Amino acid sequence: MNQMKMLADFDKEGFKKEVITNVKTLFRKPIEEATPQQVFQAVSYAVKDDIIDRWIATHKEYEKKNVKTVYYLSMEFLMGRALGNNLINLTYYDAVKEALDELGFDLNFIEDQEPDAALGNGGLGRLAACFLDSLATLGYPAYGCGIRYKYGMFKQGIKDGYQVEMPDDWLKDGNPFEVKRSEYAVEVKFGGYVRVENKNGRNYFIQDGYQSVRAVPYDLPVIGYGNNVVNTLRIWDAEAIQEFCLDSFDKGEYEKAVEQQNLAKTIVEVLYPNDNHYAGKELRLRQQYFFISASVQRAILKFKELNKDIHKLPEKVTFQMNDTHPTVAVAELMRILMDEEGLEWDDAWDITTRTCAYTNHTIMAEALEKWPIELFSRLLPRIYQIVEEINRRFVLKIQEMYPGNQDKVKNMAVLYDGQVKMAHLAIAGSYSVNGVAALHTKILEERELKDFYEMRPEQFNNKTNGITQRRFLLHANPLLANWITDKIGDEWITNLSHLKKLKVYVNDEKCQHEFMNIKYQNKIRLAKYIKEHNNVDVDPRSIFDVQVKRLHEYKRQLLNILHVMHLYNRLKTEPEFDMYPRTFIFGAKASAGYKRAKLIIKLINSVADVVNNDASIEGKIKVVFIENYRVSNAEIIFAAADVSEQISTASREASGTGNMKFMLNGAPTLGTMDGANVEIVEEVGIENAFIFGLSAEEVMKYEREGGYNPMDIYNNNQAVRRVLTQLIDGTYAPDDPDRFRDLYDSLTKEDVYFILKDFDSYAEAQQKVDKAYQDEKGWAKMAMLNTACAGKFSSDRTIEEYAKEIWKLKKVKVSLDK
Ligand code: DL6
């Protein structure tokens with residue numbers, strides 16, 4: 001790597017000494033005897049030393065300036081590995097690489113020893129991680145607030161083609177970058193009942209008979225690129241209030257002590273592995289209230305250290321609620337303001353609704369959380385009382401605006417049908433509601449949240465998602481990063497719009513050659529990974545056609561694999577048919593309880609078994625399912641992709657962010673006009689993408705009219721009928737021909753995701769890809785243009801918009817007094 005800028009002078013000899021000393025003090029070993037994991041730990045502690053002074057200086061500066069701070073409240077932060085990213089942002093990567101070389105270690109190998117911090121499911125959690133990176137890089141005061149799950153996203157194994165889930169014990173060797181902050185622990189209460197006490201004519205609400213846990217924060221540094229800023233990701237662990245001791249047994253408190261310990265342990269035990277789907281489990285609500293109560297309590301305490309008047313809270317704090325999961329924050333803030341700060345309702349409500357803001361990440365009904373009132377009120381009795389009052393007043397407002405219109409009440413009330421509707425609570429209690437791509441926001445305004453939008457249009461806004469180029473280009477694709485820097489300088493690292501300067505090179509044959517050669521080197525790197533992990537040989541000269549993301553029916557991995565089956569049929573039966581060799585690469589985790597998604601994984605692997613082992617097709621098609629897709633292997637995959645499959649049913653993918661990572665690394669999009677694909681096409685031009693399928697409008701029209709009849713396609717389209725038949729005739733399941741019947745049924749009975757409807761159009765787009773790739777110069781130009789036009793999709797741009805338009809934050813500069 002060739003990072004142009006490096007912060008202060010890096011003391012290479014001092015660093016080397018520190019690594020050697022760390023191995024000794026941590027593991028009582030000379031470095032020659034240390035395991036790779038131990039070297040990773042020792043290196044990380046040495047890097048942490050470089051971080052700490054900046055971390056302290058940043059917070060001193062924030063306090064000195066009494067800055068406004070955003071608290072990004074999120075159940076998920078999909079951070080990935082920290083070491084490499086921290087080095088990149090410290091601008092020490094090359095220097096540390098050299099230092100380790102001299103000690104006889106390869107930095108890449110050391111990086112590989114770090115487990116991913118997989119505290120998230122997919123796009124939503126990774127977005128939160130990209131946002132933290134951008135906030136620190138832009139110098140905006142921010143905390144990420146989340147949960148320190150003991151087990152993160154499960155590790156996926158593939159056994160006989162099926163997904164198996166294994167616990168992700170990511171903390172088993174400790175986390176060198178975290179700092180436990182016991183001094184900031186707070187109590188969080190569950191259950192019991194609410195007692196009213198009247199003092200001096202005012203009613204006070206007191207929760208009694210509750211169970212509680214101690215929320216203890218662990219802080220992780222989030223380093224800004226080359227600017228000395230270090231923000232904090234604060235993740236909460238739960239401990240028993242009363243430590244378990246045998247003494248309690250004699251006092252008859254044994255059971256209570258054990259109960260408290262168990263409660264604490266279970267709350268933070270595991271991340272729910274559902275993406276875009278809400279599980280409705282009591283423990284999940286406990287998790288939500290646990291981290292929200294702790295984060296909001298702590299934020300208020302911190303605010304009060306520097307500010308006397310609680311009414312000034314909105315001037316100093318924003319709570320940004322990442323989806324519906326943290327929206328209990330609205331009621332928790334009300335509780336603190338009234339019950340602890342002694343404010344009256346109107347005052348507290350005014351402050352709350354100027355402090356909270358909400359981001360919606362999906363229109364899919366199954367992902368919008370609704371809690372049964374019975375459960376909610378039992379677990380959070382005081383919070384429920386507050387929600388009831390929020391609802392009562394909100395319904396009055398609706399009735400005032402729309403007298404006699406019961407439909408409006410039904411569509412917008414916070415409490416309805418025996419449920420607490422968390423999205424409605426969020427909207428009622430926020431000053432901003434945003435979607436995550438232009439199309440998504442439009443659908444929210446015109447359909448999903450139409451009534452709310454009509455009532456308060458000024459509350460709604462769009463913030464198209466983005467990704468950090470520091471992780472997904474500078475770290476993930478050093479060859480391309482260096483090439484870009486050679487061509488246009490290094491400003492793109494902190495201002496991605498500079499990439500457009502690359503446009504002058506897209507017709508230059510030498511540059512085309514260099515660009516495609518870098519892609520080729522990255523394909524060799526991925527082919528090596530695939531050989532090591534899948535034991536499949538893939539040809540780096542073939543087209544690497546990639547679909548990596550969570551497995552979900554709406555994302556339509558099924559469409560992709562049905563099309564592979566179709567191509568295979570053509571190769572086998574049409575002597576005149578030829579195609580450019582293609583490697584279809586999949587990576588996806590399915591929620592543990594999502595049977596159909598898991599069956600699709602099995603189908604992909606079954607097709608792989610047949611196709612990869614059929615010598616008669618001369619390697620024209622290879623299918624690879626990369627096990628345990630996660631942030632760390634994603635980095636190698638994006639860099640190596642030729643084609644980016646973004647093929648969701650239009651209207652369903654709120655934005656997508658993988659699409660942006662592929663684009664940045666020079667892979668044209670093969671996709672529907674869904675989510676941020678629409679904006680990608682706007683930036684790069686439709687001629688530099690492969691667009692197919694129904695539009696969102698068309699899909700929604702069919703849905704309004706009760707769907708379409710997939711049998712019409714089955715009956716009239718021979719290619720489709722053939723692949724469908726192969727799902728049930730044992731072609732891909734000779735030992736159990738009925739194995740894939742559920743997929744067959746889902747497609748022929750309803751096809752709610754319009755897979756058959758879009759099949760022909762997809763196949764046609766794929767043919768265009770085949771033809772386009774064979775035009776070497778044309779393809780190189782298209783790939784380069786994708787990189788050159790990716791500037792808009794930096795999370796720096798997104799965060800600037802949030803900071804200016806929603807949070808009203810000011811940038812802070814941090815310098816280190818030496
Ligand atoms: O906004 C981040 C990400 C989008 O890019 C995806 O399109 C969207 O599906 C995802 N939404 C969720 C919703 N979640 N739940 N639960 O994950 O958000």
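Because the structure is a prediction, the values reported are computed rather than measured. Counting starts at 1 for both ligands and their atoms, in listed order.
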Fill in the blank from the handout: Test salt bridge (Lys or Arg N to Asp or Glu O under 4.0 Å), reference Glu635, set Arg471, Arg126, Arg470, output is Arg471
Practice task
Evaluate salt bridge (charged side-chain N to carboxylate O under 4.0 Å, His left out) for Asp758 paired with Arg556, printing each intermediate quantity in order.
Solution key: CA-CA 11 Å; Asp758 276 349; Arg556 301 202 294 192; 2.9 Å; yes
For ligand 1, which atoms have a heavy atom of [X] less than 4.0 angstrom away?
{"X": "Glu653", "answer": "6 (C), 7 (O), 8 (C), 9 (O)"}
{"X": "Val436", "answer": "1 (O)"}
{"X": "Ala654", "answer": "7 (O)"}

Practice task
Check the side chains of Glu369 and Gln288 for a donor-acceptor pair under 3.5 angstrom, ignoring hydrogens and angles.
Solution key: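 Indeed, the side chains of Gln288 and Glu369 share at least one donor-acceptor pair under 3.5 Å.
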Looking at [atom], what's its closest protein heavy atom, distance included?
{"atom": "atom 9 (O) of ligand 1", "result": "Asn276 ND2, 2.8 Å"}
{"atom": "atom 10 (C) of ligand 1", "result": "His361 O, 3.6 Å"}
{"atom": "atom 4 (C) of ligand 1", "result": "Gly656 N, 3.7 Å"}

Exercise for the section: Taking Thr798 for its side chain and Thr464 for its backbone only, find out whether a donor-acceptor pair lies under 3.5 Å. Expected result: yes
Problem - N or O pair under 3.5 Å between His325 and ligand 1 - result: yes
Practice task
Check each heavy atom of Tyr554 against ligand 1 and say whether those closer than 4.0 Å belong to the side chain, the backbone, both or neither.
Solution key: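 Answer for Tyr554: side chain.
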Handout entry: Part of Asn121 with heavy atoms under 4.0 Å of ligand 1, whether side chain, backbone, both or neither
Key = neither
Handout entry: Tyr416 six-ring face occupied by Lys421 cation (under 6.0 Å, within 45°)
Key =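 The answer is no; the distance or angle limit is not met.
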Problem - Aromatic plane relationship, Trp807 with Tyr72 - under 30° parallel, 30 to 60° tilted, over 60° perpendicular - result: perpendicular
Exercise for the section: Could you name the option among Asn659, Leu124, Ile363 that has the heavy atom nearest to atom 17 (O) of ligand 1? Expected result: Leu124
Exercise for the section: State yes or no: are the ring centers of Tyr802 and Phe131 separated by less than 6.0 Å? Expected result: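 Yes: the rings meet the under 6.0 Å criterion.
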